[in-house]
Amino acid sequence: MRFSGATAVVTGGGSGIGAAIARALAREGARVVVAARSRDRIEAVAAEINGTAVRCDVTDAASVRGLAQAAGAVDILVNNAGAAHSAPLARITLEDWNQVLAVNATGTFLCTQAFAAGMRERTRGAIVNVASVAGLGGAKYIAAYAAAKHAVIGFTRSVAAELEGTGVVCNAVCPGFVDTDMTHESIARVSAKTGKAPEAALAAMLATSEQQRLITPEEVAAAVLQLCSLTGKPNGAIERV
């Protein structure tokens, strides 16, 4: 029960990686606030773990302020909300670009800003940002997504430096392709656009990140929990999963 008595907020907590992180934190004793845009999903996860569901759009400052008010004093913030995107450069619209940056990068900024001040006042807290291996390099057709996740990593390092010595830390995990609905939707898009069988599309995707298989959400959750530790915690770590 590493987090007994702690309060944690997990954005994008209604499914996939976020739901796995919420469950893992709850098993370790944390009171978990599950946040996302889909009320039905977050209420289902919250009911399962005896947590609290708060509907929140991380791209909207007022919505994030509402989440901070509802959550109260928070010890752990996991910025997991994200959106995938793939398209050749010539087909990326400005609307696509802005949306991908808004969810992945701006959402991380707004939530961190909303919760970090209270953590600093209490001289205790851990912020973990779910980035991606796309934030460590580039690949074909993911210019917007890679740019957004590079932004998350740069943001993590800068916030970690600013929080040094305050008792609050900021770290990031960088998963490859994870066995989630988002990944399977990407496989379907690649298959539809290229004519490849879904199995071949998956193999091509995995090759770009040197993976042999899809990572499980639980594996990502385990890495996140290591960085949520409220004692002996690293700061500014960027860990590949």
Side-chain angles (χ1 to χ4, degrees), residues 1-13 17-18 20-35 51 54 56 58 64-65 67-68 71-82 103-136 148-175 178 215 217-241:
M1 304 292 281
R2 281 180 284 176
F3 305 114
S4 181
T7 295
V9 169
V10 181
T11 68
I17 294 170
I21 293 169
R23 292 183 187 109
L25 284 165
R27 283 195 299 270
E28 292 288 348
R31 178 182 80 88
V32 183
V33 178
V34 187
V54 179
C56 178
V58 298
V64 171
R65 286 194 296 271
L67 171 62
V74 168
D75 304 289
I76 296 166
L77 169 64
V78 182
N79 285 308
N80 169 72
V103 176
N104 292 288
T106 303
T108 297
F109 154 68
L110 288 174
C111 291
T112 300
Q113 189 179 60
F115 288 98
M119 292 180 178
R120 288 189 69 156
E121 289 176 5
R122 296 185 296 277
T123 65
R124 170 187 172 90
I127 300 163
V128 181
N129 300 323
V130 179
S132 168
V133 293
L136 301 173
K149 291 302 188 180
H150 273 76
V152 171
I153 290 174
F155 178 76
T156 299
R157 288 176 169 146
S158 295
V159 171
E162 189 169 332
L163 293 174
E164 189 69 40
T166 67
V168 185
V169 295
C170 184
N171 298 291
V173 295
C174 295
V178 183
I215 301 163
E218 290 72 25
E219 287 175 300
V220 182
V224 169
L225 258 64
Q226 289 297 320
L227 295 176
C228 286
S229 175
L230 296 173
T231 59
K233 45 204 172 180
N235 190 24
I238 309 295
E239 295 194 1
R240 178 167 177 159
V241 181

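A pairwise comparison of heavy atoms in F109 and F155 identifies CA-CZ, 3.6 Å as the closest pair. Across V130 and K149, no two heavy atoms sit closer than the pair O-NZ, 3.1 Å. Scanning all heavy atoms of the two residues, the minimum distance from N104 to A148 falls at CB-CB, 3.7 Å. The shortest non-hydrogen separation linking G135 to I153 is O-CD1, 3.2 Å.
The distance from atom SG of C111 to atom CG of N79, rounded to the nearest 0.5 Å, is 5.0 Å. To the nearest 0.5 Å, atom CZ of residue R240 and atom CG of residue L136 are 7.0 Å apart. Once rounded to the nearest 0.5 Å, the distance linking SG of C170 with CG of L163 reads 6.5 Å. Atoms CD1 and SG, on I21 and C228 in that order, are 7.5 Å from each other to the nearest 0.5 Å.
For R23, the side-chain hydrogen bond (donor to acceptor under 3.5 Å, both in side chains) partners at least two apart in sequence or on another chain are E48.
At distances below 3.5 Å, at least one donor-acceptor pair connects side-chain atoms of N235 with backbone N or O atoms of A160. A donor-acceptor pair under 3.5 Å is formed between the side chain of R122 and the backbone N or O of V74. Formation of a donor-acceptor pair under 3.5 Å by the N171 side chain with backbone atoms of A237 is found in this model.
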Under 3.5 Å, which donor-acceptor pairs do the side chains of residues 24-34 form with other protein atoms, sequence neighbours left out?
unit_1	atom_1	unit_2	atom_2	d
E28	OE1	M1	N	3.3
E28	OE1	R2	N	2.9
R31	NE	T7	OG1	3.4
R31	NH2	A71	O	2.9

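No more than 12 heavy atoms of other residues, nucleotides or ligands shown are found within 6.0 angstrom of CD on E162.
Residues D75 and F3 have side chains not in contact (no heavy-atom distance under 4.5 Å, counting atoms from C-beta outward). A 4.5 Å side-chain heavy-atom check between T11 and C56 finds every atom pair outside the cut-off. L110 has its side chain out of reach of V58: every pair of non-hydrogen atoms, C-beta onward, lies at least 4.5 Å apart. You'll find the side chain of I127 reaches within 4.5 Å of the side chain of M119, heavy atoms only.
For the residue pair T108 and N129, no side-chain donor N or O sits within less than 3.5 Å of a side-chain acceptor on the partner.
V173 pairs in a side chain to side chain contact (heavy atoms under 4.5 Å, CB included) with only one of the listed residues (V224, I238, N80), which is V224.
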